[in-house]
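Because the structure is a prediction, the values reported are computed rather than measured. Indexing begins at 1, ligand by ligand and atom by atom, following the structure's order.
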Amino acid sequence: MSVINVSESLDVRKAFSNFPSGVAGICAIVDGVPKGLAASSFTVGVSLEPPLVSVAVQNSSTTWPFLREAERIGVSILGAGQELICRQLASKNPDKFDDISYISTDGGAILIPGCSLWLDCSLFAEYPAGDHAVALLEVHGADVHLQESPIIFHDSKFKSLDLAGSR
Ligand SMILES: Cc1cc2nc3c(=O)[nH]c(=O)nc-3n(C[C@H](O)[C@H](O)[C@H](O)COP(=O)(O)O)c2cc1C
């Protein structure tokens with residue numbers, strides 16, 4: 001057995017990438033402009049009462065300072081086949097929503113059609129965490145799309161659930 005040295009960030013990233021996750025589009029309309037980023041650090045079940053989810057955002061993000069001011073923040077768990085949308089949300093392009101179709105609520109939360117789960121959230125708390133900030137989001141509404149299979153992000157690659165093998 002060889003334990004990799006996590007003293008270099010590349011090694012940490014490689015080790016962490018072996019944990020499979022979904023990918024969330026964290027998106028909202030802020031001052032009339034759609035803003036969003038892709039996040040694989042998203043987790044559900046932080047708390048059930050009140051319902052809380054979390055996301056870790058890089059301190060270098062230029063989009064998060066806008067999102068954190070939004071009245072409501074939409075979380076779209078991206079579906080299989082939405083890898084391009086993920087890459088667009090992850091880009092530094094200021095017009096990243098030009099080719100993304102979306103629906104928004106009165107509160108400004110953005111829903112991306114084709115996602116497997118959509119949550120209508122607001123910022124509950126935010127904590128510094130090294131080179132990231134951990135944001136807790138309170139969930140006010142949810143829309144489950146069981147027919148859409150979520151993207152799996154594992155080993156820095158986009159993968160899909162093998163539904164045929166589910167038990
Ligand atoms: C699959 C994937 C997962 C990502 N996960 C995160 C994440 O959990 N947290 C984060 O801050 N950025 C994450 N990113 C990067 C952001 O989506 C994005 O690159 C960055 O926020 C865009 O820059 P901006 O915030 O300056 O617009 C991820 C990117 C990809 C492609």
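Of the candidates A38, A133, P94, A38 brings a heavy atom nearest to atom 16 (C) of ligand 1. Comparing heavy-atom distances from atom 9 (N) of ligand 1 across G22, A56, A39, G36 singles out A56 as nearest. The residue among A90, S17, S91 with a heavy atom at the shortest distance from atom 31 (C) of ligand 1 is A90. Nearest-heavy-atom check against atom 27 (O) of ligand 1 across D131, N93, N59, T63 picks out T63.
Other residues, nucleotides and ligands contribute at most 12 non-hydrogen atoms within 6.0 Å of the CG atom of D31.
Side-chain atoms of S54 never come within 3.5 Å of backbone atoms of L136 as a donor-acceptor pair (strictly under, hydrogens ignored). Under a 3.5 Å cut-off, the side chain of K35 and the backbone N or O of I29 do not form any donor-acceptor pair.
Using cut-offs of 30° and 60° for the angle between ring planes, the F158 and F153 rings count as tilted.
Ranking the protein heavy atoms by distance from atom 15 (C) of ligand 1 puts Q58 NE2, 3.5 Å first. Of all protein heavy atoms, the one lying nearest to atom 8 (O) of ligand 1 is S41 OG, 2.7 Å.
With no hydrogens or angles considered, no side-chain donor-acceptor pair links N59 and H132 at under 3.5 Å.
Under 4.0 angstrom from ligand 1, the non-hydrogen atoms of K92 all belong to its side chain.
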